[in-house]
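Working notes, beginning with the structure itself.
Lettering follows sequence order; numbering is per chain, from 1. As a basis for the values below, the full set of heavy atoms in this structure was taken, side chains included, without hydrogen atoms, waters or symmetry mates.
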2 protein chains.
Amino acid sequence: MKRAKKKIFADFIAQRGLKSTKQRDIILDSFLSSDRHLSIEELYLKLRAKHSNIGYATVYRTLKLFAEAGIAREMEFGDGQTRYEHVVEGEHHDHLVCTRCGSIEEFENQTIEDLQTQVAADRGFLIERHRLELYGVCGKCRS
Amino acid sequence: MKRAKKKIFADFIAQRGLKSTKQRDIILDSFLSSDRHLSIEELYLKLRAKHSNIGYATVYRTLKLFAEAGIAREMEFGDGQTRYEHVVEGEHHDHLVCTRCGSIEEFENQTIEDLQTQVAADRGFLIERHRLELYGVCGKCRS
DNA sequence: GTTAAAGTGAATTCCACTTTCAATTGGAGC
DNA sequence: GCTCCAATTGAAAGTGGAATTCACTTTAAC
């Protein structure tokens, strides 16, 4: 899967006439082997540990590129930081966010999706995207 | 209803040992007779038109107070600005946000709520609150 | 190898709040 | 009404994360 993502990004780069650089390679590598919901800051700090010469701006711009290339998605869970999550082809999911430990789980529910579409249709509204987040206490924190 | 909200806020003020000031009265009045999803900036500008002596910081702090008093709720719809919506006793609703004109509609769907609770329960997760927003094009913008 | 376009990163700016602080103002007790 | 003091106000300064600038570097296509 990591291969596939790299391929997608390489194609994106080529198709847009952009350049392949070692910073982008490093950032992509690090992103792909990271937690599924990473903020710019977190990735930047992680990178600094090994590559002290990569700037915040580059991480910021590269993540934006990932989003444009379709291998990452921008998310925000109310802590004021934009997070980037890995995009899996054809998959859509919503989130369960633990307000104690901050962990983020994912879930899918087609029935909920269908109901959303119906609610919108009833009002002549055409849905482009949605966000559904459930905040609460995860199993681990409850026990 | 406007009366009821004013009563709630007056009680809140009294109970917390805070003071009743003309700025707070003016801001509350303006808030209650406004659109249901107002940003600080929007309310501030609206107020400036009639009362040039009310500062941004006061509007900001007063809206926070409204939220604490339970007559307003903080919301954020991805445009980077915090919005305050009117709270109606015992009511819960989600939002339909038009990405063209920025209008915000509300809706309720108990079945969706129930499914959310069930999804969470299946994972040992206890929901405290949630956010569900559908982004797309409203009926008006489509026609 | 040359070179022009693309990329980089330290530093700066932007922006939406948030807090500070000196001056002002309710309001409880005379 | 008058005093006193904590609460309030608003201009201005501060914050923190995002976004942009700009003076170099690198790439990659000749």
>> Quick test of your reading of the model: are B/E74 and B/R83 salt-bridged, counting only N-O distances below 4.0 Å?
In response: no
> Roughly how many Å is it from CD1 in A/I40 to P in D/dT20, rounded to a whole number?
Replying inline: 12 Å
> Do you know which of B/E42, B/R73, B/H86, B/E106 makes side chain to side chain donor-acceptor pair (under 3.5 Å) with B/H37?
Replying inline: B/E106
>> Students often mix this up, so state it plainly: with edges at 30° and 60°, are the rings of B/Y56 and B/Y44 parallel, tilted or perpendicular?
In response: perpendicular
>> As a test of reading the structure: which of C/dT19, D/dT9, D/dT27 is closest to the side chain of B/T58, going by heavy atoms?
In response: D/dT9
> Starting at CD of A/Q81 and ending at P of C/dA16, how long is that distance when rounded to a whole Å?
Replying inline: 18 Å
> Which residues satisfy the side chain to side chain donor-acceptor pair (under 3.5 Å) test with A/E133, sequence neighbours excluded?
Replying inline: A/R131, A/Y135
>> Reading DNA chain C from 5' onward, which residue's closest nucleotide shows up sooner: B/T82 or A/A57?
In response: A/A57
> Below 4.0 angstrom from OP1 or OP2 of C/dG9, is there any side-chain N or O of A/Q23?
Replying inline: yes
> More 5' along DNA chain C: B/E41 or A/L18, using each one's nearest nucleotide?
Replying inline: A/L18
>> Using OP1 and OP2 only, check whether a side-chain N or O of B/R24 sits under 4.0 Å from D/dT9.
In response: yes
>> Looking at B/S30 and B/I27, would you say the former's side chain and the latter's main chain have a donor-acceptor pair under 3.5 Å?
In response: no
> To the nearest Å, how far apart are B/D25 CG and D/dT8 C1'?
Replying inline: 13 Å
> Which nucleotide in the set D/dG17, C/dT18, C/dG9 lies at the smallest distance from any side-chain heavy atom of B/Y60?
Replying inline: C/dT18
> To the nearest angstrom, how far is B/R16 atom CZ from D/dA6 atom P?
Replying inline: 18 Å
> Rounded to whole angstrom units, what separation is found between the OH atom of B/Y44 and the C1' atom of C/dC15?
Replying inline: 15 Å
> In terms of side-chain heavy atoms of A/K22, which of D/dT27, D/dA7, D/dA19 is nearest?
Replying inline: D/dT27
> Between C/dT8, C/dA6, D/dA6, which nucleotide has the shortest distance from any of its atoms to the side chain of A/T21?
Replying inline: C/dT8
> Rounded to the Å, how far apart are A/L65 CG and D/dT20 C1'?
Replying inline: 15 Å
Are any protein N/O atoms closer than 3.5 Å to N/O atoms in nucleotides 22-24 of chain D? If there are, list each pair with its distance.
none

> Thinking salt bridges, do A/R123 and B/E105 make one under a 4.0 Å N-O criterion?
Replying inline: yes
> Relative to each other, are the rings of B/H130 and B/H92 parallel, tilted or perpendicular (30° and 60° limits)?
Replying inline: perpendicular
>> For D/dA18 and A/Y56 - does any side-chain N or O of the residue sit under 4.0 Å from the phosphate oxygens OP1/OP2?
In response: yes
>> Under 4.0 Å, heavy atoms only, any strand: does A/S39 hit a base, just the sugar-phosphate, or nothing?
In response: nothing
>> Output the rounded distance in Å from CD1 (B/I13) to C1' (C/dG27).
In response: 14 Å
> In terms of the nearest nucleotide of DNA chain D, which residue is placed more toward the 5' end: B/I54 or B/G17?
Replying inline: B/G17
> Which listed nucleotide (D/dA7, C/dT8, D/dA19) is nearest to the side chain of A/K64?
Replying inline: D/dA19
> Going by an N to O cut-off under 4.0 Å, is there a salt bridge joining B/E68 and B/R61?
Replying inline: no
> In whole Å, what is the span from the CG atom of B/D79 to the C1' atom of C/dC15?
Replying inline: 13 Å
